[in-house]
Amino acid sequence: MLKAKIAGLGYYVPERIVTNEELTKYMDTSDEWIQERTGIKERRYADKHKETTSTMAAHAARIAIDRAGISKEEIDFIIFATLSPDYYFPGCGVLLQRELGITSQECGALDIRNQCSGFVYGLSIADQFIKSGMYKNILLVGSEMHSMGLDFSDEGRNVTVIFGDGAGAVVLQPTTDEGKGILTTCLHSDGTNAEELAMINPGSHGGYHLGTEKFGYPDVNTPGGVFVTQKMVDDNLLAPNMSGQLVFKTAVVKFPEVIHEALDKTGLTTADIDVLVPHQANLRISQFIQRSLRLPDDKVINNIQKYGNTTAASIPIALCEAWESGKIKDGSLVCLAAFGSGFTWGSALIRW
Ligand code: COA
């Protein structure tokens, strides 16, 4: 029986470190507030003059491809997860293909928009393509350049202090090794609270102001409309918004639930988990999950302190760091779990 395994992995974070202290120059916040509520000490911001979401992804991808022991031309499918793409369209998948210099037109490229769950969703898609025998070398990347789209005024502080830039990549290949590879993936969604963690403008609604006006600002009624309106700029609506407490309360329920679901499906228990890599949403959320699953400190990977929340990139960056440090060994049972905007959430169990 064919399974998918992670054959190579890599990550990239930009050089520029932005401390909590630096953020106090732009908005009314403090190191103490940020650390106490989120655990974050610093994050990385990309260089806007020479980096984009897809160039960061390419750095991570080159390392993953090299570690998988293949050439870039052997990649037969690219899956790119991001909420902060280079362009509104086309997606980052083809930009990464070009950036890597993959000239083979045999390679397909798929972009997925599942925000913080993007990597787990992508892993599940890759798993199905490999198990079916359709592809042999899938490059899966999560990359985010949040710093270009955040609101650095006081109004945006609850969101802005949390997010950072970076990229992580894996190469997936088939394996017939007994018991090894991706054992299962679980995916879920519930659109009820879609706007509670979202960047709503610009969009096909023509302008949307949460809590007041709904669809279509007056100035978009002419044929052709106006995608980005002056009112959106004036009302400071071109930035993400988040109901922090709702996200927190839902996340601490859904994370343990979806991890138990994966364990139940495979006949395993929490005691079998060697390494848990939760999406780095907030250190307090990860600590809550750890307590709920009764896992010791050394089994749970936390790096949000130095990178913040890098959304689709957070799991592959943390996974790669854990692997590089020797925490993930041959035979380790690795559990990935994510929750985020949508809301969407998911988990994966991998026997390394
Ligand atoms: N610095 C200082 N004060 C801030 C602040 C900041 N960066 N952000 C918000 N505040 C203020 C608020 O304005 C509010 O002030 P008030 O009491 O005078 O009105 C106060 O802090 C409390 O705000 P609240 O939003 O209730 O704080 P909280 O305890 O819920 O913490 C989060 C906010 C965002 C840290 C928390 O809700 C959280 O972590 N949620 C989950 C977010 C998450 O994981 N997102 C990613 C999902 S993938």
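Residues take their numbers from the sequence shown, with the count starting at 1. Counting convention: from 1, in listed order, for ligands and their atoms alike. The figures that follow rest on heavy atoms only: side chains count, while hydrogens, waters and symmetry mates do not. The model shown is predicted, which means the values in this text are computed figures rather than measured ones.
- Under a cut-off of 6.0 angstrom, the local environment of NZ in K136 is sparse, with at most 12 non-hydrogen atoms contributed by other residues, nucleotides or ligands.
- Under the 3.5 Å distance criterion, with hydrogens and angles disregarded, no donor-acceptor pair is assigned to the side chains of H188 and E257.
- Side chains of T344 and S117: a donor-acceptor N/O pair is present below 3.5 angstrom, by distance only.
- In this structure, F77 and Y135 have parallel ring planes: the angle between them is below the 30° cut-off, well short of the 60° mark.
- With hydrogens and angles left out, the side-chain atoms of H279 and S314 include a donor and acceptor closer than 3.5 Å.
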List, pair by pair, the atoms of ligand 1 and of the protein that are both N or O and lie under 3.5 Å apart, giving the separation rounded to 0.1 Å.
residue  : atom   : partner : partner atom : Å
ligand 1 : 1 (N)  : T29     : OG1          : 2.7
ligand 1 : 3 (N)  : W33     : NE1          : 3.3
ligand 1 : 7 (N)  : T29     : OG1          : 3.1
ligand 1 : 7 (N)  : R157    : O            : 3.3
ligand 1 : 13 (O) : R157    : NH2          : 2.9
ligand 1 : 21 (O) : W33     : NE1          : 3.3
ligand 1 : 26 (O) : Q245    : NE2          : 2.7
ligand 1 : 27 (O) : R37     : NH1          : 3.2
ligand 1 : 29 (O) : R37     : NH1          : 2.5
ligand 1 : 30 (O) : Q245    : NE2          : 3.4
ligand 1 : 37 (O) : G244    : O            : 3.3
ligand 1 : 39 (O) : N282    : ND2          : 2.5
ligand 1 : 40 (N) : G244    : O            : 2.9

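- For the pairing with E144, the side chain to side chain donor-acceptor pair (under 3.5 Å) check across T53, T82, N309, T311 returns one residue only, T82.
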